[in-house]
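Read through the structure below, which is laid out as structure tokens, and then see the notes.
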Amino acid sequence: MLIDTLVHAGVTQVHGLVGDSANAIANEIRENNKITWRHYRHEEAAAFAAGAEAQLTGQLAVCIGSCGPGNMHLINGLYDAHRSMAPVLAIATHIPSSEIGTSYFQETNPQALFRDCSHYCETIFSAAQMPRVLQMAMQSAYSKKGVAVIVLSGDVAVEEVKQDFLRHELLKQEPLVRPSDKELSELADLLNTHEKITLLCGSGCRDAHDEVLALCERLKSPVVTALRGKEFVEYDNPFHVGMTGLIGYRSGYDAMERSEVLLMLGTDFPYKDFYPSEAIIVQIDIRPENLGRRTKVHTGLVGDIQATLLALLPIIKIKEETEHLRHCLEDHSRIRRQLDKKAAADRSDKIIYPEFLTAVLSEQAADNAIFTCDVGTPTVWAARYLTMKKGRRLLGSFNHGSMAGAMPQAIGAQFAYPDRQVISLSGDGGFSMLMGDLLTIKQYDLPVKIVIFNNGSLGFVAMEMKVQGYPPYVTDLKNPDFAMMAEAIGIKGILVERPDQLEPAITKALAHNGPVLLNVHVNPSELAMPPKVNMEQAKGFGLYLFRQMLDGGMDEAVDTIKTNFLQ
């Protein structure tokens, strides 16, 4: 009944690793021809893959772990899915029910462990209880957009269900939620009486691209995107002026800072130091708990962004003044020219710069490519140098901030969309953390393209240390030749060490009908400069350079200065 219910809910695959407490479920899947078990080498990878599937499809995805350590390994990927609002059902199988509470082999307390990363987490103690708990778990995951967990002992799993009167289809209603007419009228009055209005758009604008542009046209407003809004708002957008935050750049920060009104649409942008100092801030979000928790807001409204803007647009007056928009667009154009210089092919004949690598990938990738990226510098380069097009997707651990997510998310994306191009922008640290699931890619012959930004370092951590005034310590990575390792596994591996090798290597990798690992040696001294540098950060970085020279690291200090400040 468990498997049959999942099939009726539209689930076609389960991501996980088999084990004794999950054997009955695995056997049922084996005998069922409508659902497939996707076998991984690590449960964390399975959970990341399920989260990616759910984010891309909007449908319920499922992962499973065997008892104790097996289902504990799911936790990191489930945290990421939960914070990304991905509807995922996790099946945490448990020790024999008669042994619960006896310190039995592999015993844990799954309900306590998963409660903080789920909307719903319950243990199934009997067959009679199962249909209702499973139904509530699926409904919670789908309707609340996050994780639900059912805990199920192996012996309970094989009990016979005698009644199924509570079983029904997964209810997939999408209610229309928007502010009241009075609230919209008050918001329109505010927007109609101010000239310098900037929009900050996040993932809540997923279905509202056209409505956002229509509002910008009326208000003559620039648009700044939060990272999770990039894939939904940036493309075909003449009002776009960049991003802000730690991975953004100056034009996005300035467009918010010089505004009279900042209108936040579907974003829980977390970096309080990057909010404007003087502007009136209005926030619209489908989740009431998000309102006002990052900065002081003048007005907070609850609503789906598309529905809210459709109701708001008719009462917004068309503005004639364009000075604020013109200024921000010119500023963005100037900043983009500076950024794009760092991605020029002729910048150096010796070193591959990660900006150049990302720009070439963006240029050669398919129009509907799915990109995944590791946290740290791969996320920075993806944010700044991947060009979004209608149909392209960009996933990463953008809220949870976990290392190692890019490759397993790419696996989940490729399982969900076997005919689409999937490209993982992996850091060498992130890739090596869950490197074992490269074997999953080989086992299923998934045509994932793994691009490793190999700088021999935990790059973002090293940069954080430099800003704090410390020479990087225990951040170096002594890596193997990942391309040779891939070849030994049976995956096409390509090593790139010079800029002139890069473009033909990417062309070759993307054209290959199967998985590819592209091991690209990139500049280890490249810094990802934020749009706003405070005095403490500047002081810390200067102190790092001084200490580095005193410690005998003159060459590295000079290279850092030349690479990032003299280009």
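Residues take their numbers from the sequence shown, with the count starting at 1. All values derive from a computational prediction rather than experimental measurement.
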Whether [X] side chain and [Y] backbone form a donor-acceptor pair below 3.5 Å:
| X | Y | answer |
| --- | --- | --- |
| S259 | A279 | no |
| Q139 | L171 | yes |
| Q409 | G51 | no |
| D374 | T379 | no |
| T322 | L325 | no |
| K230 | L394 | no |
| S203 | R228 | no |
| W37 | G16 | yes |
| E231 | M388 | no |
| R38 | Q13 | no |

Item to check | Candidates V261, L262, T299 - the one meeting side-chain contact (heavy atoms from CB on, under 4.5 Å) with I280 | outcome: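 Testing each of V261, L262, T299 against I280, the sole residue satisfying side-chain contact (heavy atoms from CB on, under 4.5 Å) is V261.
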Any idea which heavy atoms bring [X] and [Y] closest together, and the distance?
| X | Y | result |
| --- | --- | --- |
| T225 | M243 | OG1-CG, 3.3 Å |
| P222 | A255 | CG-CB, 4.5 Å |
| T123 | Q111 | OG1-OE1, 2.8 Å |
| F114 | C121 | CB-SG, 3.8 Å |
| V161 | A127 | CG2-O, 3.9 Å |
| P378 | G427 | CG-N, 3.7 Å |

Checklist entry - Under the 6.0 Å and 45° cation-pi test, does R392 pair with F371? => result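 Relative to the ring axis of F371, which defines the angle, R392 lies outside at least one limit.
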Checklist entry - On the ring face of Y385, is R336 found with NZ or CZ under 6.0 Å from the centre and within 45° of the axis? => result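 Because its charged atom sits under 6.0 Å from the ring centre and within 45° of the axis, R336 does stack over Y385.
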Check whether any side-chain heavy atom of [X] lies under 4.5 Å from a side-chain heavy atom of [Y], and answer yes or no.
| X | Y | answer |
| --- | --- | --- |
| V147 | Y79 | no |
| L361 | L425 | yes |
| V241 | V224 | yes |
| I450 | I441 | yes |
| L301 | L187 | yes |
| L199 | F239 | no |
| R218 | L313 | yes |
| H15 | F415 | yes |

Item to check | Pairing of K145 and E174 as salt bridge, 4.0 angstrom limit | outcome: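 E174 and K145: salt-bridged.
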Checklist entry - Can a salt bridge be assigned to the pair R258 and D254 using a cut-off of 4.0 Å between side-chain N and carboxylate O? => result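 So R258 does not pair with D254 through a salt bridge.
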Checklist entry - Step by step, would you call L134 with M1 a side-chain contact (heavy atoms from CB on, under 4.5 Å)? => result CA-CA 10 Å; L134 177 60; M1 179 166 287; over 6 Å; no
Any chance you could measure [X], atom [atom1], to [Y], atom [atom2], to the nearest 0.5 Å?
| X | Y | atom1 | atom2 | value |
| --- | --- | --- | --- | --- |
| N237 | F232 | CG | CZ | 14.5 Å |
| H94 | F125 | NE2 | CZ | 7.5 Å |
| S221 | I197 | OG | CD1 | 5.0 Å |
| R206 | D304 | CZ | CG | 12.0 Å |
| N290 | T267 | CG | OG1 | 9.0 Å |
| R326 | D331 | CZ | CG | 11.5 Å |

Is there a donor in the side chain of [X] and an acceptor in the side chain of [Y], or the other way round, less than 3.5 Å apart?
| X | Y | value |
| --- | --- | --- |
| T198 | H324 | yes |
| N76 | S402 | yes |
| T93 | S21 | yes |

More than 12 foreign heavy atoms under 6.0 Å from [atom1] of [X]: is that the case here?
| X | atom1 | answer |
| --- | --- | --- |
| E323 | CD | yes |
| E320 | CD | no |
| M85 | CE | yes |
| K172 | NZ | yes |

Item to check | Parallel, tilted or perpendicular: rings of H240 and H332 (30°, 60°) | outcome: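 Because their plane-to-plane angle is over 60°, the rings of H332 and H240 count as perpendicular.
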Checklist entry - Between H400 and H82, is the ring centre distance below 6.0 Å? => result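 Distance test on ring centres: not under 6.0 Å, no.
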Checklist entry - Are V14 and I25 close enough, and set up right, to give a side-chain contact (heavy atoms from CB on, under 4.5 Å), and what steps lead you there? => result CA-CA 10 Å; V14 172; I25 296 172; over 6 Å; no
Next on the checklist: Could you walk me through whether I100 and I95 satisfy the side-chain contact (heavy atoms from CB on, under 4.5 Å) test, starting with their C-alpha distance in whole Å, then the side-chain angles of each, then the deciding distance to 0.1 Å, before giving a yes or no?
Outcome noted: CA-CA 7 Å; I100 295 173; I95 63 171; 3.9 Å; yes
Next on the checklist: Walk me through whether I315 and N192 qualify under side-chain contact (heavy atoms from CB on, under 4.5 Å).
Outcome noted: CA-CA 9 Å; I315 54 176; N192 288 334; 5.8 Å; no
Item to check | For T57, side-chain contact (heavy atoms from CB on, under 4.5 Å) partners two or more places apart | outcome: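 Per chain and number, T57 pairs via side-chain contact (heavy atoms from CB on, under 4.5 Å) with E53, Q59, A416, Y417.
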Next on the checklist: Suppose the criterion is salt bridge (charged side-chain N to carboxylate O under 4.0 Å, His left out): which pairs have a residue in residues 286-297, not counting sequence neighbours?
Outcome noted: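 Listed by first then second residue: D268-R293, D268-R294, D285-R287.
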